[in-house]
Protein chains: 2
Amino acid sequence: MKNTRQERQADTRKAILQTALGLVAEKGLDKLSLREIARRVGYSPAGLYEYFDSKEDILWTLAKEGDSRLRRAALNIRPELPSTERLIQACLAYVDFSVHNAEYFIIINSLTTHRASLEEPASSESSYSVFLKIIEAAIDEGEIISRDNFCAEEITYSLWALIHGMGMLRLTQLRNFNADFESINRKAIETFIIGLK
Amino acid sequence: MKNTRQERQADTRKAILQTALGLVAEKGLDKLSLREIARRVGYSPAGLYEYFDSKEDILWTLAKEGDSRLRRAALNIRPELPSTERLIQACLAYVDFSVHNAEYFIIINSLTTHRASLEEPASSESSYSVFLKIIEAAIDEGEIISRDNFCAEEITYSLWALIHGMGMLRLTQLRNFNADFESINRKAIETFIIGLK
DNA sequence: TATAATACCGAACACTGTTCGGAGAAAATC
DNA sequence: GATTTTCTCCGAACAGTGTTCGGTATTATA
């Protein structure tokens with residue numbers, strides 16, 4: 001064999017994760033079956049247990065990956081922009097990722113419903129800490145005022161709830177609803193920020 | 001037998017629903033088993049099919065019930081209050097119900113993830129229409145101004161996203177997080193409304 | 001009282017996630 | 001290069017799932 005054992009192990013893990021993610025996108029999370037993953041990846045069901053401890057382990061790995069990508073999406077904003085505009089664009093990027101990578105978003109939320117929060121501090125505070133930093137910058141620059149003891153952390157939580165709800169509603173209750181969500185979402189975020197001045 | 005057939009049918013249906021709801025609260029939605037419901041209600045698994053077409057039918061019925069109660073929670077606000085305060089309290093009631101009746105909230109959102117929206121117009125637009133009416137009243141009274149083509153429907157959607165996200169985050173990512181959420185949520189909603197003036 | 005409709009169950013079917021023991025292949029040791 | 005150890009992978013089985021079907025009591029209707 002050409003590749004080393006570790007490389008092949010890593011490749012197989014990736015293949016399993018990729019297949020699982022595709023199946024979630026295709027058939028929905030509740031129809032995701034370990035046996036179907038095995039079938040598509042060319043293994044027996046038992047064979048997968050050489051690479052993951054359980055089905056939940058697979059989903060957990062995907063959740064961490066998705067969380068990391070969600071974070072990067074919010075982080076990848078042009079830094080030369082004024083901090084409020086940076087905040088708005090980070091929010092919009094968060095919602096955009098949630099909607100266009102619904103598989104990840106659904107997996108993340110299905111797991112955290114029945115467990116604690118994501119372990120690693122970096123991943124855990126993930127998106128949250130990204131927004132917190134931008135908001136703190138905006139406060140420093142005087143573009144936002146934290147009146148009424150509405151501190152940076154609380155503002156961050158509130159904005160997080162807003163954009164999280166936007167993504168969630170879009171994928172659930174408003175799934176078949178057509179509207180110019182991007183424009184509406186921008187107005188909503190702007191409105192909230194105006195209330196902070 | 002004392003009761004008529006219809007009465008007994010209705011009673012059994014209620015018992016099944018109640019048992020299912022309790023099991024969701026106790027063990028989580030993904031651990032909900034039709035056989036366990038049957039065990040607790042004193043029936044064989046097959047027997048339940050005399051009362052519901054499927055397990056999903058049970059959950060669907062619960063989702064409609066929960067949606068209706070959620071709506072009533074938001075509706076049950078003292079009408080003599082100024083419309084903005086009514087709006088704030090309706091929002092807080094929505095979040096409060098979501099958090100304290102997590103079973104319902106989880107069922108509603110798990111179903112609408114994989115289906116269309118709730119059928120009946122009354123239930124479907126449910127909470128949405130409640131908030132829409134209050135917001136329209138607030139606009140009429142001049143307490144809120146819809147600038148920038150940010151119309152009543154869009155404002156309603158935005159507020160809905162905000163409070164929906166609050167409930168969702170609380171039950172998932174922030175499950176083990178302690179804070180005075182009621183006070184923070186109020187400040188967040190107020191901030192948004194201030195942005196509408 | 002005879003007949004029709006309902007309520008309920010046991011058994012079976014096709015699934016599910018997971019475990020275990022044992023093969024065969026690859027790597028490490030000698 | 002031969003031998004031992006480690007790693008892969010699978011078949012079979014277990015306990016669990018939702019659902020269907022045929023049959024049997026029980027209840028309501030005629």
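Order of the sequence lines sets the chain letters (A, B, ...), proteins ahead of strands, with each chain counted from 1. The shown structure was predicted, so the numbers you read here are calculated from the model rather than taken from an experiment.
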To the nearest angstrom, the CG-P distance between B:Leu48 and C:dG10 comes to 13 Å

Which part of the nucleic acid, if any, lies within reach of A:Ile58 when heavy atoms closer than 4.0 Å are counted: base, sugar-phosphate only, or nothing? nothing

For DNA chain D, please output the secondary structure as dot-bracket, reading 5' to 3'. Pairs are Watson-Crick or G-U wobble, both atom distances under 3.5 Å; mark crossing pairs with [ ], other-strand partners with |, unpaired with a dot. |.||||.|||||||||||||||||||||||

Looking at B:Phe105 versus B:Phe97, is the centre-to-centre ring distance below 6.0 Å? no

Is any NZ, NE, NH1 or NH2 atom of the basic residue among A:Lys14 and A:Glu65 found under 4.0 Å from an Asp or Glu carboxylate oxygen of the other? no

Expressed in angstrom and rounded to an integer, what is the separation of B:Lys31 atom NZ from C:dG17 atom P? 12 Å

B:Ala46 side chain, from C-beta outward: closest of D:dT8, C:dA7, D:dT20: D:dT20

Under 4.0 Å between a side-chain nitrogen and a carboxylate oxygen: does that hold for B:Glu182 and B:Arg186? no

Treat each ILVMFWY residue as a node, draw an edge where side-chain heavy atoms are under 4.5 Å apart, and state whether A:Tyr94 and A:Ile77 are in one component. no

B:Leu34 side chain, from C-beta outward: closest of D:dG18, D:dG11, C:dA11: D:dG18

Looking for any heavy atom pair under 4.0 Å, which part of the strands does A:Ser54 touch: base, sugar-phosphate only, or nothing? sugar-phosphate

Rounded to the nearest angstrom, tell me the gap between atom OH in A:Tyr43 and atom P in D:dT8. 9 Å

As an exercise, state the distance from SG of B:Cys91 to CG of B:Asn185, rounded to the nearest 0.5 Å. 10.0 Å

With a 3.5 Å cut-off and just heavy-atom distances, do the side chain of A:Arg35 and the base of C:dG17 make a donor-acceptor pair? yes

Rounded to whole Å, CD of B:Glu36 lies from C1' of D:dG16 at a distance of 12 Å

Rounded interatomic separation in angstrom, taking CD1 from A:Ile37 and C1' from D:dC10: 18 Å

Here the distance between atom P of C:dA5 and atom CD of B:Glu50, to the nearest Å, is 14 Å

Given C:dC9, is OP1 or OP2 found less than 4.0 Å from the side-chain N or O atoms of B:Arg39? no

What is the separation between atom CD on A:Gln9 and atom C1' on D:dT6, rounded to the nearest whole Å? 13 Å

Any idea which of D:dG11, C:dC9, D:dG18 is nearest the A:Ser44 side chain? D:dG11

Closest to the B:Tyr49 side chain: D:dT20, C:dA27, D:dG11? D:dT20

Are A:Val24 and A:Val41 connected, step by step, through hydrophobic side chains (Ile, Leu, Val, Met, Phe, Trp, Tyr) whose heavy atoms are closer than 4.5 Å? yes

For residues A:Leu17 and A:Leu21, determine if any side-chain heavy atom of one lies less than 4.5 Å from a side-chain heavy atom of the other. no

With the side chain defined as heavy atoms from C-beta on, A:Ser33 is closest, among D:dT8, C:dC9, C:dT16, to C:dT16

Provide, to the nearest angstrom, the distance between the CD atom belonging to A:Gln6 and the P atom belonging to D:dT6. 16 Å

Would you indicate which nucleotide in C:dG17, D:dT26, D:dT8 comes nearest to any side-chain atom of B:Arg5? D:dT26

With no hydrogens and no angle check, just 3.5 Å: does a side-chain donor-acceptor pair link A:Arg72 and A:Ser68? yes

